[in-house]
Amino acid sequence: MIISSFNVNSIKARLPRILEWFDDRQPDVTVLQEIKCVTDAFPAAPFEDRGYHVEVFGQKTYNGVALLSKTPPEDVLRGVPGFDDDNARYIEALIPHDQGAPVRVGGLYLPNGNPAPGPKYDYKLAWMAAFEDHARDLLAQEEAVCLLGDYNVIPDPSGVYAPDRWTEDALFRLETRKAFRRLLNLGYVDALAQVKDAPFYTFWDYQRGAWDKDHGLRIDHCLLSPQAADRLTGGDVDRQVRDPALGNQDAKPSDHVPVWISIGPKETEGGET
DNA sequence: ATGGTTGAAAATCAA
């Protein structure tokens, strides 16, 4: 079962390229971030035509997340429990697996937090604290859990093209990295780091020719509970989706690319692939 | 040191 995440930076502006990627990757579950539309305005039809169930947590102009799955999702949840958030940044559902135990999938769009320090950074840290509480509660259920999306966190220096230039940025500040590390210390596994060799990136700024110079950031992540990590069979970053010269030319690329992992029916011999 | 780009929206704000 392929579980994927894609910060699309507007579902409407990106639709031709998103559909092209869906047809190539054929994910069983996808979470989308920054759809930038209200729930009723989400273009569900082309996804439903491809056999997906569509769950949306929309917002006007900014943010907005969605969860699309080939099997009907159960226990759909919108927002991080117990956190009073003005923004639509989290959606979660229990997804049946055709051969094994179901996987609880949470899709998140963690606040950017810049400029730091300041109120926006305080909001980021508060969001991370609430998410940590929820992630801890999920672990206690002893299920296969996959929490993926745009974390807006660079976990370590390998995740940024010039670490020394980013030490004061909200995505890379020590306090941000420590909050991310606390999630891992709960018992979650950074799945992409398991299946790929560093360095690799998932985002390239639109400005300053970042793509051409490969000035990227690793900020989209997939965290797995032990029960899910034991079933990890693969994963990758679909980097080609960022190339303006490739793919459907009816739309420009997002500044993020899709990431995906594969979850098998049961525990794999020796862990990974 | 500044500027460079994109999207939604209607002047800027967020990224």
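Residue numbers start from 1 in every chain, and the chains themselves are labelled A, B, ... in the order their sequence lines are given, proteins ahead of strands. These values consider heavy atoms only, across backbone and side chains, with no hydrogens, waters or symmetry-generated copies. The model shown is predicted, which means the values in this text are computed figures rather than measured ones.
Toward the 5' end of DNA chain B, the nearer of the two residues Asp205(A) and Asn7(A), judged by each one's closest nucleotide, is Asp205(A). Toward the 5′ end of DNA chain B lies the nearest nucleotide of Tyr206(A), the other residue of the pair Lys60(A) and Tyr206(A) mapping further downstream.
Going from the C1' atom of dA14(B) to that of dA10(B) covers 15 Å, rounded to whole Å. With C1' as the reference atom, dG7(B) and dA11(B) are 15 Å apart, rounded to whole Å. Comparing the C1' positions of dA9(B) and dA15(B) gives a spacing of 15 Å, expressed to the nearest Å. When the P atom is compared between dT12(B) and dA1(B), the two are found 27 Å apart, to the nearest whole Å.
Among residues at least two apart or in separate chains, there is no salt bridge (Lys or Arg N to Asp or Glu O under 4.0 Å) pair with a member in residues 36-47 of chain A. The stretch residues 224-254 of chain A participates, sequence neighbours left out, in no ring pair (Phe, Tyr, Trp, His ring centres under 6.0 Å) pair at all.
Lys252(A) places its NZ atom 14 Å from the C1' atom of dG4(B), with the value rounded to the nearest Å. In this structure, Asn63(A) atom CG and dA14(B) atom C1' are separated by 9 Å, rounded to whole Å. Whole-Å rounding puts the Asp255(A) CG to dG7(B) P distance at 9 Å. Put simply, CD on Gln59(A) is 12 Å from C1' on dA8(B), counting in whole angstrom units. Between the C1' atom of dA8(B) and the NZ atom of Lys36(A) lies a distance of 7 Å, rounded to the nearest Å. When the C1' atom of dG7(B) is taken as reference, atom CG of Asn9(A) falls 6 Å away, rounded to whole Å. One can place CZ of Arg242(A) at 9 Å from P of dT6(B), the figure rounded to the nearest angstrom. Going from atom CG of Asp220(A) over to atom C1' of dA15(B) covers 13 Å, rounded to whole Å.
Within 4.0 Å (heavy atoms only), Phe203(A) reaches no atom of the nucleic acid at all.
Listed by chain and residue number, Phe57(A), Gln59(A) satisfy the side chain to side chain contact (heavy atoms under 4.5 Å, CB included) test with Ala88(A) (two or more places apart in sequence, or in another chain). For Asp137(A), there are no side chain to side chain donor-acceptor pair (under 3.5 Å) partners at least two apart in sequence or on another chain.
Under the side chain to side chain contact (heavy atoms under 4.5 Å, CB included) test applied with Val103(A), the options Leu224(A), Ile3(A), Val29(A) reduce to a single match, Ile3(A).
A salt bridge does not link Arg89(A) to Asp150(A): none of the charged side-chain nitrogens sits closer than 4.0 Å to a carboxylate oxygen. Between Asp236(A) and Lys196(A) there is a salt bridge, with a side-chain nitrogen of the basic residue lying less than 4.0 Å from a carboxylate oxygen of the acidic one.
In this structure, Lys120(A) is not positioned above the aromatic face of Tyr123(A) in the sense of NZ or CZ being under 6.0 Å from the six-membered ring centre and within 45° of the axis.
Under the 3.5 Å distance criterion, with hydrogens and angles disregarded, a donor-acceptor pair is assigned to the side chains of Gln33(A) and Ser5(A).
Checked against dA9(B), dG7(B), dT5(B), the side chain of Gln207(A) finds its nearest nucleotide in dT5(B). Closest approach to the Thr61(A) side chain among dA9(B), dG3(B), dT5(B) is made by dA9(B) (side chain taken as heavy atoms from C-beta onward).
When the side-chain nitrogen and oxygen atoms of Arg14(A) are compared with OP1 and OP2 of dG7(B), one or more of them lie within a distance under 4.0 Å.
Using the six-membered ring where Trp is involved, His215(A) and Tyr161(A) have ring planes that are parallel, under 30° apart on the 30 and 60° scheme.
Contacts between residues 158-172 of chain A and DNA chain B, defined by a heavy-atom separation under 4.0 Å, are absent. Residues of residues 111-122 of chain A having a heavy atom closer than 4.0 Å to DNA chain B, listed by number: Asn112(A), Lys120(A).
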